[in-house]
Amino acid sequence: MLSKALSHFPQFRFREGEKRLWNPILKKTFAIRPEEQVRLALVDYLILEAGLSASRISFESPVKLPGDKSSSRTDIICYDSDFKPLLLVECKAPDIKLDEKAAIQVARYNQKVGAPYLLVSNGTLDYWFEVEGEEVKFLPDLPELFHSTKKVSRDLAYWTERSFIGEKLNQEASSFALESCMQLYEEPHQPVKYLGFDDFPPEFALAHYYRIFGFKENRKVGLCLSANLNGETRLNTVLNVNGANTAFCTVSLNALTENENRAAEVHSGKGVHKLNLAEEMEFGFGKKIGDLSDRFHEVLSRYS
């Protein structure tokens, strides 16, 4: 089944100028790794929607199995109200195919953990299992114990903690930013992907989650709102042609509210171009961000 991680996102913090994942239970930051992003997104669902207590979730519990030279570590264990293991979770990166090997791995760990429910996830698909005696049964549906029982309040604070919106966003742009986040990221079936970028100024905040829009001739546009280390909110757009990123546009929402001339930058193989988005594509805060994908596609194609 589609993963519950698809409509949830991990929290981030900046430490010494570096963007890092934030574990709200351990109160620690970690390097950004795909499997860690999946783990924290699942924890986000389990706490905010399934109603599990954060105080009954553990990470990296050591497991020593017969024949192993060293201890392995579990990704997530959730406990019931009596602090007995309830759920054991094994997380994989999104590009890792879930197969029988992953299921066997979590079942082996469970020989020591003893949880009645098992979950293997790569953030795109979830495979659930129930343990009955010596038998591990595949579950085609989400167990009732882990159904969503709460509605998540995705307000400005929610998106700020997850580094989509910066804490210094001007009031004039806040409604646009909030509505854009809900339109781009709330639905689990929407194609959203974390894109990493190297060798670009951290002020651009290019590395983050992008909603992908498809066009003809193997062309795609990714749209993203992302906070940078200075508390700004950047609107970033990436053009991908035949699997390669060929151009991107970046602009501060605060600069747009202050009507800064040529505040946007387009970077491509043709160099750097400073643009006025209002003139180039009739950009305005009254427009829906999804409706702007066509216009960003035109602008990025023009300058690449």
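Residue indices begin at 1 and follow the sequence shown.
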For the pair D75 (side chain) and C91 (backbone), establish whether a donor and an acceptor sit closer than 3.5 Å, ignoring hydrogens and angles.
yes
When the ring centroid of Y303 is compared with that of H267, is the distance short of 6.0 Å?
no
For the side chain of T149 and the backbone of E49, is there at least one donor-acceptor N/O pair under 3.5 Å apart?
yes
Quick one: pull up CD in E179 and OG in S175 and give me the separation to the nearest 0.5 Å.
6.0 Å
Is a side-chain donor or acceptor of N228 paired with a backbone partner of E232 at a separation under 3.5 angstrom?
yes
Parallel, tilted or perpendicular for F138 and Y127, by the 30°/60° rule?
perpendicular
Check whether the ring centres of W22 and F30 lie less than 6.0 Å apart, and answer yes or no.
no
Using the rule given for side chain to side chain contact (heavy atoms under 4.5 Å, CB included), can you reason through I289 versus K287, listing the C-alpha separation, both sets of side-chain angles and the distance that settles it, and then say yes or no?
CA-CA 6 Å; I289 193 167; K287 299 182 183 296; over 6 Å; no
Do T233 side-chain atoms and G166 backbone N/O form a donor-acceptor pair below 3.5 Å?
yes
Do R154 and Y185 come within less than 4.5 Å of each other through their side chains, counting heavy atoms only?
no
Quick one, K92 and V38 - any side-chain contact, counting heavy atoms below 4.5 Å?
no
Are a donor atom and an acceptor atom from the side chains of R13 and Q11 found within less than 3.5 Å of each other?
yes
Reported CD-to-CG distance for the pair E161 and D155, which is rounded to 0.5 angstrom
8.5 Å
What I'd like to find out is whether the side chain of N245 reaches to under 4.5 Å of the side chain of L239, using heavy atoms alone.
no
Is a side-chain donor-acceptor pair under 3.5 Å present for H297 with K220?
no
Pair R219, S301: side-chain N/O donor-acceptor within cut-off below 3.5 Å:
yes
If you round to the nearest 0.5 Å, how far is NZ of K270 from OG1 of T246?
10.0 Å
Shortest non-hydrogen pair, S180 vs L225, comes out as CB-CD1, 3.7 Å
Measure from the ring center of F248 to the ring center of F200 and say whether it is less than 6.0 Å.
yes
If hydrophobic clusters are built by linking Ile, Leu, Val, Met, Phe, Trp and Tyr wherever their side-chain heavy atoms come under 4.5 Å apart, do V192 and M1 end up in the same one?
yes
Measure the OG1-CZ distance between T29 and R15 for me, rounded to the nearest 0.5 Å.
5.5 Å
T250 side chain to R234 side chain, donor-acceptor N/O pair below 3.5 angstrom:
yes
Of the options L139, V113, V131, which is the one that meets L118 in a side chain to side chain contact (heavy atoms under 4.5 Å, CB included)?
V131
Can you tell me how far apart OG (S293) and CD (E298) are? Round to the nearest 0.5 Å.
10.0 Å
Sub-6.0 Å ring centroid separation between F283 and F285:
yes
With heavy-atom distances below 4.5 Å as the criterion, would you say the side chains of R162 and P10 are in contact?
no
Please check if the distance between the ring centroids of F164 and F9 is under 6.0 Å.
yes
Looking only at side-chain N and O atoms, does N170 offer a donor or acceptor that is under 3.5 Å from a partner on E258?
yes
Does any N or O in the side chain of T74 come within less than 3.5 Å of the main-chain N or O of I76, such that one atom is a donor and the other an acceptor?
no
In the structure I gave you, are the side-chain heavy atoms of L275 and R262 within less than 4.5 Å of one another anywhere?
no
Measuring from L6:CG to E187:CD, what's the distance to the nearest 0.5 Å?
11.5 Å
For residues S226 and N236, is any side-chain donor paired with an opposing acceptor at under 3.5 Å?
no
With a 6.0 Å cut-off on ring centres, are F296 and F213 close enough?
no
